[in-house]
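Read through the structure below, which is laid out as C-alpha cells, and then see the notes.
Within every chain, numbering begins at 1; the chains are lettered A, B, ... in the order of the sequence lines, protein sequences first and strands thereafter.
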2 protein chains.
Amino acid sequence: MSGVRPTILDLAALCGVSPATVSNALADKPNVKAETRDLVRRKAREIGYHASSAARGLRLGRSWSIGLVVGDIANPFVPDVVRGVEDVVWRERKNLILCNTDFQAEKKTAYVRSLLDKQIDGMIVLSQILDAQDMERVAAAGIPLVTVNRRAPDFSTDYVGIDNQSGVRMAVDYLVSLGHRRIAFVKGLFRSSSADDRFAAYQAAVQAHGLDGDPSLAVQGDYSMESGDSAARSLMALSQRPTAILAANDLMALGALGALHDLGIRVPADVSVVGFDNIQLAEHPLLNLTTINHPKRETGDAAARLLLQRIAGDRNEPPRSVVLKPSLIVRGTTAPPPSTPKPRRRRPVTVRGTGDGG
Amino acid sequence: MSGVRPTILDLAALCGVSPATVSNALADKPNVKAETRDLVRRKAREIGYHASSAARGLRLGRSWSIGLVVGDIANPFVPDVVRGVEDVVWRERKNLILCNTDFQAEKKTAYVRSLLDKQIDGMIVLSQILDAQDMERVAAAGIPLVTVNRRAPDFSTDYVGIDNQSGVRMAVDYLVSLGHRRIAFVKGLFRSSSADDRFAAYQAAVQAHGLDGDPSLAVQGDYSMESGDSAARSLMALSQRPTAILAANDLMALGALGALHDLGIRVPADVSVVGFDNIQLAEHPLLNLTTINHPKRETGDAAARLLLQRIAGDRNEPPRSVVLKPSLIVRGTTAPPPSTPKPRRRRPVTVRGTGDGG
DNA sequence: TTGTAAGCGTTATCAT
DNA sequence: ATGATAACGCTTACAA
C-alpha cells in the first residue's frame, strides 16, 4: 500500500546503531560484534529491509545483471541456450536482461548502449556479431563479453562454440557410409560465420570423399523453415536429384521434410535428410530427424561460466575459447539411397513413416 | 580501454555550463536556449556521454526495466509471448529482466524480491501465480503487475488471458460435427487455473452435447509432451477407446500423436487428435495438428500495453482484463470417426500421413 | 536563461 | 567494535 521502503537509516535507527554498522553487519564484515550482527539481521527481516540496487549500483559501479543479446528468442535453438545461461547466472543471484535484436543492426546498437548505461556486469552475445563500433564501446566500458557461435572478427573475446566442421563431417561420413554420393547442402544465413564454417566443412568433406561436387547441389538458405522448404523444392527440380539433403540447421531440415512430403517424395526411401542442432521437436516420432546434436544448454552454461570468471577474475588475461563437441543422432530420416547395393556398414535406423520404410 | 565514462560534470565543464543546464538540455526542458541545447547535445555525442542508469534510478526511483517472470522459457509457447512483450517494451526503451522460475516456489520468491530491489517499473507474470506473500510484497512496493493466463486468486491485478472455455467449446463442437461421441480429454498441469478452465469447459461441452461422459476418458497430464504420450497410451488401453483426443495444449497433443504412431494407430482415420495453443511447429506438414489458436504474440503485446499504461497512468484505477479470442485451426489430425455415416457437415481437411487418409 | 545546492541510499575510509 | 562523513552521478527546487 505505502510504497515507501525502509532505508538503511530506518534500520539503523531501529537497531540503535549507525548505518555503517548495519551495512557491515549485513555484509558479514568481520569487524562487527556477533550480537549486533544478529540483531541487525533479525530486525532487517522483521521490517523487510532490502538494500536498494540503484544505490549500491551507483556506489559500487555494478548492477548484478548481465545482458543477453539474442537475434530471435522464438527460434527454438535459442531458449535452450538461454536456460543454460540463466541457470548459472542465477546461482550468483545476477539478473538476465534479455535483448532481442531481431537481427537489426540499429536495435542491436541501441541495446548495447542501453546495457552499458545500466553498467551491466557482463554481456553474452548469441549467434550474432557486434559491429566494430559496438565492440569498441563495450571494450571501452571495460565490460566482459562472451560471444557464442560467432567469433568476433578482429577483436578477440571469450568465445563458446561448437566444432561445426567435425559435426558436418560426421553427417557426411554417415551418409557416405550409407552409400550416398550426391549429397546436397542447404546453407545457413548469408554471411554468418557458423554458416560459413558448416558450408566449408561440407565442401571439404565432399572433396575428401571424392563425391559429386556439382555446385547446384549447394543452395542458399537463411536458417528458417521456409527457406528449407524452398531449398528442397529447388533441389528436387534438378534434372539430376540428390539422394540426400544435409541442412545447416534443423529448422531448414524440417522445412525440407515438409516440402518432400508435399511433393510425395518418400523419406528416407527416396531421399535422406539430415539436420543440425537437434532441437527439441526433432525427436518427435513423426519428424524423427537424423541430425547433429548441438549441446545447447551446455553452450549457455559454458558461456555464463566464462563470463562470471572473467567478471570475478583478471580482465587482462588472454581470451579463452570453449569449443563443444557435436554428435551424430541417427533417427529415421536417413537410409541408403534407392536401388543401391548393400552399403558397406549400415547402422541401425529407426524406420519412419507409416509403412514407407526401407 | 580506460573504463572511465564521462559524467555530467565532465560534459558541463566541456560546454562551459552547469550540470543542471546539461541535464535540462538533454531532457529537452523548455527553459534552455536553443544554442545551448544544441551545443550540449553535440558535445554529448562527441564524447559519448550517457547518463548513468544507476544514478538516475536512485534519484528518480525507477529503473526503466520490467520484470518478466516465466516458468520455462524453453516451452515453445513462451518465447512467442515474450516476443510480443519485448516488442512493446522496447518501444519505450525499457529493458526486460527475464526470470525463469522452473516452477519452483522458492526461486519465484527470490526473483520477485530481486526485482523489487531493482525498483523495476513493472512486472509481468506468465502462466503462473505468485503466492500471497509475494503478491503482498509487490503491492506494498507499489509495483504495477500484470498476470497472464492465470488469474490471481484473491488480489485483483491487470490480466491478460484467452477465452479458454470458448476455445475448448469450438474444439468439441467441431469433433461432434464430425460425428465423434467418445471424446477423451488430456488435462493440463494439476492446479493451474487455465487447465481447470479448459477441463471444466470440456465437461460442460460433453454435457451440452449429451456425449459419453465416461470419467475414464479424462486423464491427467502436465502440459508436457511425455504426459501426452502416456495419456494416449492409457486411453488406447481402454476397453472402449475414444475416437478423438482433445489435449489441453499442443505439446500433449503432439505427445499423443507420437504414441499413436508408435502404436500403429492411424491419425485421423482411427483416432482424431486436437491440441490447444497452435505452437509454431504444429503446422509442420508432418505434424499438421488441428488445434485451437492461442494468439501468443498478441497476448504478450496486450500484457505489455496494459503494464505500460498502468505505469504511466493512474495506479488506483480498477484492474483491467483483456481476454483474447481463440480460433479453431483445422488441419490434418481430425476426421470423422471410423465406420460412421457421412457427418452432417464436414469441413475440408488436409489429408495427412502417406496415404492413410480418409 | 542559467547556476547552486540538496538529496536519492549505499559503502568505504578514517576516526574514535 | 562502532560512528561520522564523503562520495557515487544524477535531477529538481530554488535562487540569481
Would you mind checking if [Y] and [X] are paired as a salt bridge, meaning a charged N to carboxylate O distance below 4.0 Å?
| X | Y | value |
| --- | --- | --- |
| B:Asp102 | B:Lys108 | no |
| A:Asp158 | A:Arg320 | yes |
| B:Glu86 | B:Arg297 | no |

Output yes when a side-chain donor or acceptor of A:Asn100 lies under 3.5 Å from a complementary backbone atom of A:Val70, and no otherwise. no
Is a side-chain N or O of A:Ser63 found less than 3.5 angstrom from the main chain of A:Gly57, in a donor-acceptor match?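 Side chain of A:Ser63 to backbone of A:Gly57: no pair is present.
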For residues [X] and [Y], is any side-chain donor paired with an opposing acceptor at under 3.5 Å?
| X | Y | answer |
| --- | --- | --- |
| B:Tyr223 | B:Ser127 | no |
| A:His50 | B:Arg113 | yes |
| A:Ser114 | B:Arg93 | no |

For the helix from C:dT1-D:dA16 to C:dT16-D:dA1, what angle lies between the axis at the first five pairs and the axis at the last five pairs, to 10 degrees? 40°
Would you say A:Thr21 reaches D:dG3's phosphate, i.e. side-chain N/O to OP1/OP2 under 4.0 Å? yes
Rounded to the nearest Å, what distance is computed from the [atom1] atom of residue [X] to the [atom2] atom of nucleotide [N]?
| X | N | atom1 | atom2 | value |
| --- | --- | --- | --- | --- |
| B:Arg62 | D:dG9 | CZ | P | 21 Å |
| B:Ile8 | C:dA5 | CD1 | C1' | 14 Å |
| A:Leu11 | C:dG9 | CG | P | 14 Å |
| A:Gln119 | D:dG9 | CD | P | 8 Å |
| A:Arg56 | C:dC8 | CZ | P | 19 Å |
| B:Trp64 | D:dC10 | CH2 | C1' | 10 Å |
| B:Lys33 | C:dG3 | NZ | P | 10 Å |

For residues 17-30 of chain A, which residue pairs qualify under salt bridge (charged side-chain N to carboxylate O under 4.0 Å, His left out), counting only residues two or more places apart or in two chains?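 Matches after skipping sequence neighbours: A:Asp28-A:Arg37, A:Asp28-A:Arg41.
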Relative to the 5' end of DNA chain C, which residue comes earlier, B:Ser18 or A:Leu58, by the nucleotide with the nearest heavy atom?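 Looking at the nearest nucleotide for each, B:Ser18 comes out on the 5' side.
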Output one line per pair: protein atom, nucleotide atom from nucleotides 12-16 of chain C, and distance, for all N/O pairs under 3.5 Å.
residue : atom : partner : partner atom : Å
C:dA12  : OP2  : A:Lys29 : NZ           : 3.1
C:dA12  : O4'  : A:Arg59 : NH2          : 3.2

Please list, in numerical order, the residues of residues 36-45 of chain B that have a heavy atom closer than 4.0 Å to any atom of DNA chain D.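 Contacts with DNA chain D under 4.0 Å: none.
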Ring pair (Phe, Tyr, Trp, His ring centres under 6.0 Å): which pairs involve residues 63-84 of chain B, sequence neighbours left out? B:Phe77-B:His294
Under the side chain to side chain contact (heavy atoms under 4.5 Å, CB included) test, residues paired with B:Phe190 that sit two or more places apart: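 B:Gln220.
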